[in-house]
Chemist: 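Have a look at this one before I ask anything.
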Amino acid sequence: MTKKEKHKIIAVVGPTASGKSRLAVELAKKHNGEIISADSRQIYKEFDIATAKPSEDEKAGIVHHLIDIIEPTQEFTVADFTDRAQQLIEDIVSRNKLPIIAGGTGLYLRTLLQDFDIPRVEPNKELRKELETIAESEGVEAVYDMLVELDPVLAQKIHKNNLVKIVRAIEVSKTLNMPMSQAQGRKEPMYDVEWIGLNAENREYLYNRINLRVDEMIEKGLEQEAKNLFEKYGELTLLLSTIGYQEFHEYFKGLISKEEVIEQIKQNTRHYAKRQLTWFRQNKDIKWMEIEG
RNA sequence: GCCUCGUUAGCUCAGUUGGUAGAGCAAGGGAUUGAAAAUCCCUGUGUCCUUGGUUCGAUUCCGAGACGAGGCA
């Protein structure tokens, strides 16, 4: 019985502004590698300044995949990411190069490289809208009660206030005609991954880097970028759920000042970095590198 | 100089008819299975400005002082 050998790959992870792009490029140069970005926002075209996409200079001739490939109006989810990344890994390995995954987005990384085995059920816009309407008129509990009927096991694990997760669980359970808790599972990791994590032991230091980077984004014209996107696409959910754009939305409506926008972007980015770290800390295979000093 | 109001958690402020106090934000921790830069959960001891007095007991009442804001001269 011969077991197929798993592909070796490197994963460089860390919170926003930790410098993982640079490290990934260094490693790619050293090991003849190509980079696959695991970032739910850099995937989009035109989302440049806000997502701190690497410039051509910063890419330093290294091939970067899954950056700048989706239109802002297109949907892109974990499943799309996983499928594309898996293909890319096969392709890169077949050319005798080393795949290096660099990111950011905890759910993407865990699904591609760790143990999440996601149910294959596409989003159902109408159902979501319907359930959200019920939540608005009758309260979230009404929707939660529906989930308790469909999948009491999962309902126990999802907090009754977490509408997004409740809705998805109902969506999956209804589509498959079986409880989502039975459709989802854990799997063996598909690859032989060397995990490298970037972090600052001193949280203040990380937060300072974030604050500085936001100031740089403003200097580079983040306001104009946000303006263009809102004018071109309107109030897309995607824009309203992306740090760096969502805050400008209120500013363009005259609700808050420029100073407040900048402060909010910094604040939201700090919160985001903290949430990212919660994802990564759960992964005991990560070898951590200190970024300060 | 006089009058009024204020001084409580890192910040903004509630509150205690006298029995040592609580919200929002911040901060920290966690969850996370096709929206994930999304969504959600948990965590609040702080000379209640200082100092005298009244009281069994004062952050709460009274006096004095300090600081801040406004008003009158």
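Hydrogens, waters and symmetry mates play no part in the numbers below; they use all other heavy atoms, side chains included. Below, chains carry the letters A, B, ... as their sequence lines are ordered, and counting in each starts from 1.
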Chemist: Look up atom CZ in Arg209(A) and atom CD1 in Ile291(A), then write down how far apart they are to the nearest 0.5 Å.
Modeler: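 So the CZ of Arg209(A) and the CD1 of Ile291(A) are separated by 4.0 Å.
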Chemist: Measure CG/Leu154(A) against P/U33(B) and give the value in whole Å, please.
Modeler: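 One finds 8 Å between P of U33(B) and CG of Leu154(A), rounded.
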Chemist: Who does C40(B) pair with, Watson-Crick or G-U, both distances under 3.5 Å?
Modeler: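 The base-pairing partner of C40(B), which may sit in any strand shown, is G30(B).
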Chemist: Scan every strand shown for a Watson-Crick or G-U wobble partner of A64(B), both distances under 3.5 Å, and answer none if you come up empty.
Modeler: U50(B)
Chemist: Remember a base hit wins even if backbone is also touched, and classify Thr51(A) as base, sugar-phosphate or nothing at under 4.0 Å, heavy atoms.
Modeler: base
Chemist: Using atom C1' in both nucleotides, what's the gap between A9(B) and G52(B) to the nearest angstrom?
Modeler: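 Going atom to atom, C1' in each nucleotide, I get 28 Å.
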Chemist: Using a cut-off of strictly less than 4.0 Å, decide whether Tyr207(A) has a side-chain nitrogen or oxygen near OP1 or OP2 of A26(B).
Modeler: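 Looking at the OP1 and OP2 atoms of A26(B), neither is under 4.0 Å from any side-chain N or O of Tyr207(A).
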Chemist: What contact category does Asp39(A) fall into here, base, sugar-phosphate, or nothing, at under 4.0 angstrom with non-hydrogen atoms?
Modeler: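 Base contact.
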Chemist: Angle class for the Tyr251(A)/Phe248(A) ring planes (parallel below 30°, perpendicular above 60°, tilted otherwise)?
Modeler: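 Rings of Tyr251(A) and Phe248(A): perpendicular, over 60°.
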Chemist: Toward the 5' end of RNA chain B, which comes first, Tyr108(A) or Leu163(A), by nearest nucleotide?
Modeler: Tyr108(A)
Chemist: Base, sugar-phosphate alone, or nothing: which one does Asp117(A) contact when heavy atoms must sit under 4.0 Å apart?
Modeler: base
Chemist: Quickly work out the Leu176(A) CG to U33(B) C1' distance and round it to whole Å.
Modeler: 13 Å
Chemist: In whole angstrom, give me the gap between the C1' atoms of G71(B) and A64(B).
Modeler: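 Taking atom C1' in both G71(B) and A64(B), they lie 23 Å apart.
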Chemist: Return the pairing partner of U4(B) with a 3.5 Å limit on both distances, Watson-Crick or G-U wobble; otherwise return none.
Modeler: A69(B)
Chemist: Select base, sugar-phosphate, or nothing to describe what Val121(A) touches, counting heavy atoms under 4.0 Å on all strands.
Modeler: base
Chemist: Return the pairing partner of U17(B) with a 3.5 Å limit on both distances, Watson-Crick or G-U wobble; otherwise return none.
Modeler: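 Partner of U17(B): none found under 3.5 Å.
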Chemist: Touch check for Ala50(A), heavy atoms < 4.0 angstrom, all strands: base, sugar-phosphate only, or nothing?
Modeler: base
Chemist: Assess whether a salt bridge exists between Lys59(A) and Glu56(A), defined as any Lys/Arg side-chain N lying under 4.0 Å from an Asp/Glu carboxylate O.
Modeler: yes
Chemist: Has Asn161(A) got a side-chain N or O lying under 4.0 Å from the OP1 or OP2 atom of C41(B)?
Modeler: yes
Chemist: Over how many whole Å does the gap from Gln282(A) atom CD to U32(B) atom P extend?
Modeler: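 Rounded to whole Å, this separation is 8 Å.
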Chemist: Taking only N and O in the side chain of His271(A), is any of them less than 4.0 Å away from OP1 or OP2 of A27(B)?
Modeler: yes
Chemist: Mind checking if Glu247(A) touches a base, just sugar-phosphate, or nothing, with heavy atoms under 4.0 Å?
Modeler: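 The residue Glu247(A) makes no contact with any strand.
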Chemist: Give a yes/no on whether any side-chain N or O of Thr237(A) is located under 4.0 angstrom from OP1 or OP2 of A38(B).
Modeler: no
Chemist: Expressed as a whole number of Å, how far does the C1' atom of U7(B) sit from that of U43(B)?
Modeler: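 Going atom to atom, C1' in each nucleotide, I get 28 Å.
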Chemist: In whole Å, what is the span from the CD atom of Gln264(A) to the C1' atom of A26(B)?
Modeler: 14 Å
Chemist: Write down the distance separating the C1' atoms in A69(B) and A26(B), rounded off to the nearest Å.
Modeler: 26 Å
Chemist: In whole angstrom, give the distance that lies between atom CG of Asn162(A) and atom P of A36(B).
Modeler: 14 Å
Chemist: Is the side chain of Ser173(A) donor-acceptor paired with the backbone N or O of Met180(A) at a distance under 3.5 Å, no angle test?
Modeler: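 Checking the backbone N and O of Met180(A) against the side chain of Ser173(A), a donor-acceptor pair under 3.5 Å is found.
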Chemist: Please measure how far the P atom in C2(B) lies from the corresponding atom in G10(B), and state the result in whole Å.
Modeler: 34 Å
Chemist: Where the side chain of Arg41(A) is concerned, which of A36(B), G34(B), U32(B) is the nearest nucleotide?
Modeler: A36(B)
Chemist: Over 60° means perpendicular and under 30° means parallel, so classify the ring planes of His7(A) and Tyr191(A), tilted if in between.
Modeler: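 The rings of Tyr191(A) and His7(A) lie parallel, inter-plane angle below 30°.
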Chemist: For nucleotides C56(B) and A73(B), find the distance between their C1' atoms and express it as a whole number of Å.
Modeler: 48 Å
Chemist: How far does the C1' atom of U32(B) sit from the matching atom of U39(B), given to the nearest Å?
Modeler: 9 Å
Chemist: Between Ile166(A) (CD1) and A31(B) (P), how many Å, whole number?
Modeler: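 These atoms are roughly 19 Å apart.
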Chemist: Mind calculating the distance between NZ (Lys274(A)) and P (A31(B)) to the nearest angstrom?
Modeler: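 So the NZ-P distance, Lys274(A) to A31(B), works out to 11 Å.
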Chemist: Regarding Gly244(A), tell me which of base, sugar-phosphate or nothing describes its non-hydrogen contacts under 4.0 Å with the strands shown.
Modeler: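 Nothing, no nucleic acid heavy atom in range.
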Chemist: For a quick check of understanding: with a heavy-atom distance under 4.0 Å over all strands, which category does Thr105(A) fall into, base, sugar-phosphate or nothing?
Modeler: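 The answer is sugar-phosphate, as Thr105(A) gets under 4.0 Å only of primed atoms, P, OP1 or OP2.
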Chemist: Nearest to the side chain of Arg110(A), heavy atoms from C-beta on, is which of G34(B), U32(B), A27(B)?
Modeler: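 Output: U32(B).
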Chemist: For Glu90(A), is the CD atom crowded, meaning more than 12 foreign heavy atoms sit under 6.0 Å from it?
Modeler: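 Counting neighbours around CD of Glu90(A), more than 12 heavy atoms of other residues, nucleotides or ligands fall under 6.0 Å, so yes.
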Chemist: Give a yes or no on whether Lys45(A) atom NZ has more than 12 heavy-atom contacts from other residues, nucleotides or ligands under 6.0 Å away.
Modeler: yes
Chemist: Base, sugar-phosphate, or nothing for Phe76(A), non-hydrogen atoms under 4.0 angstrom?
Modeler: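 Touches sugar-phosphate only.
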Chemist: Whether the side chain of Arg168(A) and the base of U33(B) hold a donor-acceptor pair under 3.5 Å is what I'd like checked.
Modeler: no
Chemist: Looking only at N and O atoms, is any donor in the side chain of Glu132(A) or the base of A35(B) less than 3.5 Å from an acceptor on the other one?
Modeler: yes
Chemist: It should be established whether Arg275(A) places a side-chain nitrogen or oxygen under 4.0 Å from OP1 or OP2 of nucleotide U32(B).
Modeler: no
Chemist: Scan Gln267(A) against the nucleic acid and name what it touches under 4.0 Å (heavy atoms): base, sugar-phosphate only, or nothing.
Modeler: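 Here Gln267(A) touches the backbone only, sparing every base.
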Chemist: Classify the nucleic acid contact of Arg281(A) as base, sugar-phosphate or nothing, counting any heavy atom under 4.0 Å across all strands shown.
Modeler: sugar-phosphate
Chemist: Go through A36(B), G34(B), A35(B) for me and flag the one nearest to the Ala79(A) side chain.
Modeler: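 Among the listed nucleotides, the one closest to the side chain of Ala79(A) is G34(B).
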Chemist: In whole Å, what separates the C1' atom of G63(B) from that of C25(B)?
Modeler: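 Nearest-Å result for G63(B) against C25(B) at atom C1': 38 Å.
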Chemist: Quick check on U33(B): is either OP1 or OP2 less than 4.0 Å from any side-chain nitrogen or oxygen of Lys165(A)?
Modeler: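 So the side-chain polar atoms of Lys165(A) do come within 4.0 Å of the phosphate oxygens OP1 or OP2 of U33(B), strictly under.
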Chemist: Using Watson-Crick or G-U wobble geometry with both distances below 3.5 Å, tell me the partner of G10(B), or none.
Modeler: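 Base-paired to C25(B).
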Chemist: Using atom NZ of Lys157(A) as one end and atom C1' of C41(B) as the other, report the distance to the nearest whole Å.
Modeler: 16 Å
Chemist: Mind checking the CZ-CD spacing from Phe116(A) to Gln184(A)? Nearest 0.5 Å is all I need.
Modeler: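 One finds 8.0 Å between CZ of Phe116(A) and CD of Gln184(A).
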Chemist: Which word best sums up how the rings of Phe280(A) and Trp288(A) line up, parallel for under 30°, tilted for 30 to 60°, or perpendicular for over 60°?
Modeler: tilted
